[in-house]
Amino acid sequence: MNKKLVYGIIGFGIVAVIVLVIALRVISHRLSTQIEQELNVFLQESAQNQDSAIIDFEPFHCFGMSSITCEGKSIRFGFKDTLNDVQSDDDINTFVNTQEQGSLENIRIHLSGHDTKANINIQTLIKSTGITFDAQCENTFTLKKSSQELSSELACQTTNEEFAYNQDTKLGITFFHEEFFNKTLKDAFFLFKNNDAESLKKLGIRLDSFASSLKADNLQRAILKAVGEEGNTQNLSMLTFMSMMFINMLEKDEQKQTDEEIKELDRNLVKFFNNLMDVLNGTSHSLELIVSTKTQVDPILLPDIEQTVTQEWIAKNYSFHTHQNAKP
């Protein structure tokens with residue numbers, strides 16, 4: 001996969017980790033000066049870690065009392081080769097020329113909350129070679145102590161003026177754990193942060209909803225520019241080929257299936273991949289996918305996910321929808 005695409009995804013992951021670091025401190029009633037110091041130490045340690053995607057950053061400044069705002073000018077991210085990774089002169093040139101894959105700039109993170117609820121607002125520019133996206137996200141965490149539930153509602157909008165690009169994404173997830181009972185958000189967040197293997201085995205998770213739609217004046221060109229491949233369509237051809245393979249596989253599966261719910265799932269996924277191919281071929285400039293629950297879905301313990309989430313389980317519990325693309 002193209003490294004620019006990989007590290008574009010990592011850029012969102014970096015923001016998520018930073019938000020968790022700040023959220024823990026806000027809910028723990030730390031002063032903004034303490035949060036600022038700890039956040040910058042965390043970023044400095046990450047930049048020095050060979051396994052981290054963060055290359056360098058400009059220090060954050062945090063302020064506020066009952067709610068906290070942290071602002072930073074930039075975080076640069078990419079890949080880090082060691083001398084052991086370098087096999088030839090070409091590898092050395094790759095290291096020198098493509099170490100940075102992108103950056104987050106003009107970052108503003110605002111957090112407020114109390115024992116059972118936290119609101120997080122994130123604004124940042126996501127920069128890759130030749131294109132900049134303006135991203136705004138709102139995330140609300142709510143802890144229901146009596147039912148041992150921690151719900152997360154995320155809504156993001158990403159835009160780009162050059163291509164009139166607009167992407168709206170919403171994601172609803174609920175976490176379940178016996179240790180959430182009669183606890184606070186601080187306790188729940190530390191459960192994730194501490195990464196206690198035995199405790200995480202008891203963590204249940206449920207996808208409540210997912211919806212994402214994107215459109216642009218020329219969505220194909222926007223995607224190519226975002227991954228730094230305008231004029232080089234090798235990865236685009238690979239994505240088109242993979243979409244065709246999925247379509248062929250799903251159509252064959254539908255023909256042999258007797259379960260009507262699985263047949264419906266196959267048909268809807270074929271429609272989505274056909275729409276994706278239209279976008280990749282430049283004949284359509286919008287794409288949408290909506291996932292919703294059919295019934296009350298039971299949470300799945302983390303160790304059981306691989307065994308539980310089968311085609312039959314997905315078809316029984318979730319509906320997939322996508323609209324037919326309007327072509328020019």
Side-chain angles (χ1 to χ4, degrees), residues 7-80 82 99-127 132-143 150 152 154 156 175 179-180 183-197 199-200:
Y7 283 99
I9 298 169
I10 287 175
F12 283 102
I14 291 170
V15 172
V17 173
I18 291 171
V19 166
L20 180 58
V21 170
I22 300 173
L24 283 169
R25 273 62 182 177
V26 171
I27 297 170
S28 300
H29 306 293
R30 299 286 184 90
L31 297 175
S32 58
T33 53
Q34 293 176 300
I35 295 173
E36 178 182 307
Q37 180 181 10
E38 293 179 15
L39 175 58
N40 288 325
V41 168
F42 165 78
L43 289 169
Q44 184 63 46
E45 291 175 348
S46 297
Q48 294 172 350
N49 186 343
Q50 183 65 36
D51 296 327
S52 168
I54 297 175
I55 297 173
D56 63 29
F57 69 101
E58 293 190 41
F60 273 74
H61 171 58
C62 300
F63 53 90
M65 294 292 288
S66 58
S67 62
I68 301 293
T69 299
C70 291
E71 297 179 343
K73 288 186 177 181
S74 70
I75 299 175
R76 294 172 56 238
F77 55 90
F79 64 94
K80 303 170 184 176
T82 64
Q99 181 179 15
E100 179 182 348
Q101 296 297 316
S103 63
L104 305 173
E105 300 188 6
N106 299 338
I107 309 157
R108 187 177 190 274
I109 304 172
H110 179 79
L111 297 101
S112 59
H114 49 76
D115 285 349
T116 59
K117 190 169 185 177
N119 296 299
I120 303 167
N121 181 275
I122 307 165
Q123 299 177 28
T124 186
L125 296 179
I126 304 171
K127 290 195 173 184
T132 299
F133 294 98
D134 186 343
Q136 298 189 45
C137 294
E138 187 83 29
N139 201 171
T140 300
F141 292 97
T142 304
L143 180 65
L150 172 62
S152 169
L154 173 68
C156 291
F175 302 93
E179 292 183 23
F180 290 167
K183 296 291 179 64
T184 65
L185 270 178
K186 180 183 72 172
D187 302 316
F189 282 175
F190 269 112
L191 175 67
F192 293 101
K193 182 177 181 294
N194 293 336
N195 201 25
D196 185 329
S199 185
L200 288 177

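Residue indices begin at 1 and follow the sequence shown.
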S.K.: Can you tell me how far OG1 of Thr33 sits from NE2 of His61, rounded to the nearest 0.5 angstrom?
M.R.: 10.5 Å

S.K.: Ignoring hydrogens, what is the shortest heavy-atom contact between Leu143 and Lys183? Give both atom names and the distance.
M.R.: CD2-O, 3.3 Å

S.K.: Can you tell me how far apart CZ (Phe180) and CG (Leu150) are? Round to the nearest 0.5 Å.
M.R.: 5.0 Å

S.K.: Going by salt bridge (Lys or Arg N to Asp or Glu O under 4.0 Å), name the pairs with one or both residues in residues 105-114, residues two or more places apart or in two chains.
M.R.: Glu71-Arg108, Glu105-Lys127

S.K.: If you measure from CG on Leu104 to CD1 on Ile122, what distance do you get to the nearest 0.5 Å?
M.R.: 10.5 Å

S.K.: At their closest point, which heavy atom of Cys70 faces which heavy atom of Ile68, and how far apart are they?
M.R.: SG-CG2, 4.0 Å

S.K.: So, Asn40 side chain and Phe60 main chain: donor-acceptor pair closer than 3.5 Å or not?
M.R.: yes

S.K.: For side-chain contact (heavy atoms from CB on, under 4.5 Å), just list the numbers for Asp134 and Thr132, CA-CA rounded to whole Å, side-chain angles, deciding distance to a tenth of an Å, and then say yes or no.
M.R.: CA-CA 7 Å; Asp134 186 343; Thr132 299; over 6 Å; no

S.K.: For the OG atom of Ser103 and the CD1 atom of Ile126, what is their distance to the nearest 0.5 Å?
M.R.: 10.0 Å

S.K.: Specify the closest pair of heavy atoms between Asp56 and Ala47, including all atoms of both residues, with the distance to one decimal.
M.R.: CA-CB, 4.3 Å

S.K.: Search all heavy atoms of Gln44 against all heavy atoms of Gln48 and return the closest pair with its distance.
M.R.: NE2-NE2, 2.9 Å

S.K.: Quick one: pull up CD1 in Ile75 and CD1 in Ile107 and give me the separation to the nearest 0.5 Å.
M.R.: 4.0 Å

S.K.: What is the distance from atom CD of Gln123 to atom CG of Leu125, rounded to the nearest 0.5 Å?
M.R.: 9.5 Å

S.K.: Quickly, which of Asn121, Leu154, Leu111 forms a side chain to side chain contact (heavy atoms under 4.5 Å, CB included) with Asn139? Name it, please.
M.R.: Leu154

